[in-house]
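Reading through the structure tokens given below for one structure.
Note that the structure is predicted; figures quoted are calculated from it, not measured.
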Amino acid sequence: MLKRNASQLVSEANNAVETIPVEKGIALVGDDGVVIVDVRETVERQQGGAIKGSVHAARGFLEFQADPDHPKYNPAIRQDKRLVLYCATGGRSALAAKTLVDMGYPNVCHIAGGFGAWTTAGGPTE
């Protein structure tokens, strides 16, 4: 038997990080102090589009792309910016946001409902 299942891990992550409503996320598009990070898989981004101006860092590689000392570091993922994460529905982005907080990123949140909620709300995509 598992000590904690996936749902419990997502719930714990949601309790540990800020979750913002999609409307607040839409208002942050284009803000110079914000980096919107798409943690979905590449194929999801290719098939369904992405939030306008977002940076892609698939969940499976996030820790490497967020580590300034790692060869795979993505300089767009910066500690001096507010990082707003999203996935398809909000589960992976909650886990990813908690990971970044655990790594020492000071200003991280994720979008409730993910890209599905974003498109339903009419948020800008590309």
Side-chain angles (χ1 to χ4, degrees):
M1 176 175 247
L2 297 174
K3 289 182 181 182
R4 295 183 314 228
N5 64 28
S7 294
Q8 289 168 316
L9 290 172
V10 170
S11 178
E12 290 171 10
N14 274 315
N15 288 330
V17 299
E18 180 184 3
T19 303
I20 64 170
V22 69
E23 297 79 14
K24 187 171 183 181
I26 290 170
L28 293 172
V29 171
D31 184 321
D32 289 339
V34 172
V35 177
I36 299 176
V37 183
D38 183 350
V39 299
R40 298 174 301 155
E41 297 297 321
T42 300
V43 67
E44 292 174 279
R45 190 172 167 97
Q46 290 170 340
Q47 291 176 351
I51 292 176
K52 185 177 182 179
S54 63
V55 171
H56 185 233
R59 175 72 189 98
F61 296 101
L62 180 66
E63 291 86 344
F64 305 109
Q65 291 190 358
D67 180 352
D69 296 325
H70 194 277
K72 297 284 185 187
Y73 174 63
N74 181 343
I77 301 173
R78 298 172 36 186
Q79 290 185 340
D80 64 337
K81 301 283 186 174
R82 177 166 174 76
L83 301 179
V84 179
L85 280 59
Y86 74 96
C87 63
T89 62
R92 288 175 288 174
S93 60
L95 295 169
K98 184 175 183 314
T99 295
L100 290 179
V101 168
D102 290 346
M103 289 178 75
Y105 278 79
N107 196 356
V108 181
C109 65
H110 79 108
I111 298 172
F115 192 64
W118 185 273
T119 57
T120 297
T125 61
E126 55 188 17

Are Ile20 and Ile51 linked, directly or through intermediate hydrophobic residues, by side-chain heavy-atom contacts shorter than 4.5 Å (ILVMFWY only)?
yes
Which residues pass the side chain to side chain donor-acceptor pair (under 3.5 Å) test with Thr99, sequence neighbours left out?
Arg59
Does any non-hydrogen side-chain atom of Leu85 lie less than 4.5 Å from one of Arg92?
no
Same cluster (ILVMFWY, side-chain, under 4.5 Å), Phe115 and Val22:
yes
Side chain to side chain donor-acceptor pair (under 3.5 Å) partners of Asp69, counting only residues at least two apart:
none
Kindly write out the residues that satisfy side chain to side chain donor-acceptor pair (under 3.5 Å) with Asn74, not counting sequence neighbours, or none if the list is empty.
none
Can you confirm whether Val35 sits close enough to Ile77 that some side-chain heavy atom of one is under 4.5 Å from a side-chain heavy atom of the other?
no
Can you pull out every salt bridge (Lys or Arg N to Asp or Glu O under 4.0 Å) where at least one residue sits in residues 106-118? Sequence neighbours excluded, please.
none
Within residues 117-126 or reaching into it, pairs that qualify as side-chain hydrogen bond (donor to acceptor under 3.5 Å, both in side chains) - sequence neighbours excluded
none
Closest contact, heavy atoms only, Ile26 versus Ala121:
CD1-CB, 3.9 Å
Kindly write out the residues that satisfy side-chain contact (heavy atoms from CB on, under 4.5 Å) with Ala50, not counting sequence neighbours, or none if the list is empty.
Asp38, Arg40, Arg45, Ser54, Tyr86
Please identify each residue that fulfils side-chain contact (heavy atoms from CB on, under 4.5 Å) with Val101, with sequence neighbours left out.
Val17, Val108
Please list all pairs meeting salt bridge (Lys or Arg N to Asp or Glu O under 4.0 Å) that have one or both residues in residues 21-32, counting only residues at least two apart or in different chains.
Glu18-Lys24
In terms of hydrophobic clustering (I, L, V, M, F, W, Y; side-chain heavy atoms under 4.5 Å; direct or indirect links), are Leu100 and Val39 co-clustered?
yes
Distance check, rounded to the nearest 0.5 Å: Ile111 atom CD1 versus Thr89 atom OG1?
12.5 Å
Which distance, rounded to the nearest 0.5 Å, do you find between the CD1 of Ile36 and the CZ of Arg82?
10.5 Å
On a heavy-atom basis, which atom in Leu62 and which in Ala57 lie closest, and how many Å separate them?
CD1-CB, 3.9 Å
Hydrophobic side-chain clustering at under 4.5 Å (ILVMFWY, transitive links): who's grouped with Met1? Put none if nobody.
none
Restricting to non-hydrogen atoms, name the atom on Ser93 and the atom on Cys87 that form the minimum distance, rounded to 0.1 Å.
N-SG, 3.4 Å
Where do Ala13 and Ala94 come nearest, in terms of heavy atoms and distance?
CB-O, 3.5 Å
Should Val34 and Tyr105 be regarded as members of a common hydrophobic cluster, given that ILVMFWY residues are connected when their side-chain heavy atoms come within less than 4.5 Å of each other, either directly or indirectly?
no
Gly90 and His110: which non-hydrogen atoms are nearest, and at how many Å?
O-CE1, 3.3 Å
Partner set under side-chain contact (heavy atoms from CB on, under 4.5 Å) for Asn5, not counting sequence neighbours:
Leu2, Ser7, Gln8
Sort and list the pairs that fulfil ring pair (Phe, Tyr, Trp, His ring centres under 6.0 Å) and have at least one residue in residues 46-83, not counting sequence neighbours.
Phe64-His70
Taking side-chain contact (heavy atoms from CB on, under 4.5 Å) as the test, write out the residues that go with Ala16, two or more places apart.
Lys98
